[in-house]
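As structure tokens, the structure follows; a few thoughts come after it.
In each ligand, atom 1 is the first atom listed, and ligand 1 is the first ligand listed.
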Amino acid sequence: MEDFRIGNGYDVHALAEGLPLWLGGVKIESTSGCIAHSDGDVAIHALCDALLGALALGDIGKHFPDTSDEFNGIDSKILLKRTMGLINSMGWKVVNADVTIAMQRPKLAPYILQMRETLATLMEISAERVSVKATTTEKLGFVGRGEGCEVYASVLLGK
Ligand code: MG
């Protein structure tokens, strides 16, 4: 590899009682989940934005508009697969990715390895190149009050 690009992504979804919670392609045991047009996988959305941002291709809303019926309730793993297809078609591969999930509850530690493995498979790299970290916000702000989930993602692409 002799050319590299970095990208960062950010996404927030509000939480509501009784909805399923998907993060990093993994179903999480929780009493509340993300309100969304898709399955609400805020971690995959931030990651897609980082991948698109690295190549200045706009954002997830441009590629997968939430006004389109095609994406109603869609599994976000499909969005990541399609984003990867675009990136690969331009000759780029993911070198590594680092994702930070800010959520007050539930505890995400039991799911971290499965999220890393799921995201790595979708990006066709080894799990050792995919970091997923979870933090609370010490009960501060909308995340701390359990009103939403916030995710930051960084990626390095190479070709
Ligand atoms: Mg989103």
Side-chain angles (χ1 to χ4, degrees), residues 5-88 92 94 96-109 111-112 114-125 130-137 140-157:
R5 304 282 170 87
I6 64 168
N8 73 84
Y10 172 72
D11 197 22
V12 171
H13 279 262
L15 292 165
E17 290 290 323
L19 294 177
L21 179 63
W22 286 90
L23 286 172
V26 175
K27 179 101 184 278
I28 311 285
E29 195 72 43
S30 175
T31 56
S32 59
C34 290
I35 300 169
H37 185 69
S38 67
D39 67 1
D41 192 326
V42 56
I44 286 187
H45 298 175
L47 187 55
C48 288
D49 263 358
L51 292 162
L52 294 167
L55 299 180
L57 293 173
D59 61 24
I60 193 171
K62 176 183 163 187
H63 292 268
F64 312 111
D66 65 7
T67 48
S68 165
D69 283 348
E70 185 190 352
F71 305 119
N72 194 7
I74 196 169
D75 179 344
S76 293
K77 292 190 280 295
I78 295 168
L79 304 183
L80 179 54
K81 263 268 175 222
R82 285 172 61 164
T83 302
M84 283 306 304
L86 182 61
I87 278 151
N88 293 154
W92 295 90
V94 177
N96 74 304
D98 187 14
V99 177
T100 300
I101 303 168
M103 196 167 196
Q104 193 61 39
R105 65 185 125 69
K107 287 278 170 234
L108 298 177
Y111 302 97
I112 295 287
Q114 200 186 342
M115 286 192 253
R116 290 177 58 205
E117 286 172 344
T118 302
L119 295 174
T121 300
L122 290 163
M123 293 189 288
E124 297 181 340
I125 54 176
V130 181
S131 162
V132 176
K133 312 189 296 299
T135 184
T136 70
T137 59
L140 295 170
F142 69 88
V143 170
R145 290 189 297 272
E147 295 166 5
C149 178
E150 180 176 51
V151 179
Y152 300 84
S154 302
V155 298
L156 181 68
L157 303 184

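- Residues forming a side-chain hydrogen bond (donor to acceptor under 3.5 Å, both in side chains) with Thr136 (at least two apart in sequence, or on another chain): none.
- No more than 12 heavy-atom neighbours from other residues, nucleotides or ligands sit within 6.0 angstrom of CD on Glu124.
- Using a distance-only test at 3.5 Å, with no hydrogens or angles considered, no donor-acceptor pair links the side chain of Asp49 to the main chain of Gly53.
- Protein N/O/S atoms closer than 2.8 Å to the Mg ion (ligand 1), listed by chain and residue number, are Asp11 OD2, His13 NE2, His45 ND1.
- His45 contributes no side-chain N or O that, together with a main-chain N or O of His13, makes up a donor-acceptor pair within less than 3.5 Å.
- Sequence neighbours left out, not one pair with a member in residues 24-36 passes side chain to side chain donor-acceptor pair (under 3.5 Å).
- With sequence neighbours excluded, the residues forming a side chain to side chain contact (heavy atoms under 4.5 Å, CB included) with Ile35 are Ala14, Ala16, Leu19, listed by chain and number.
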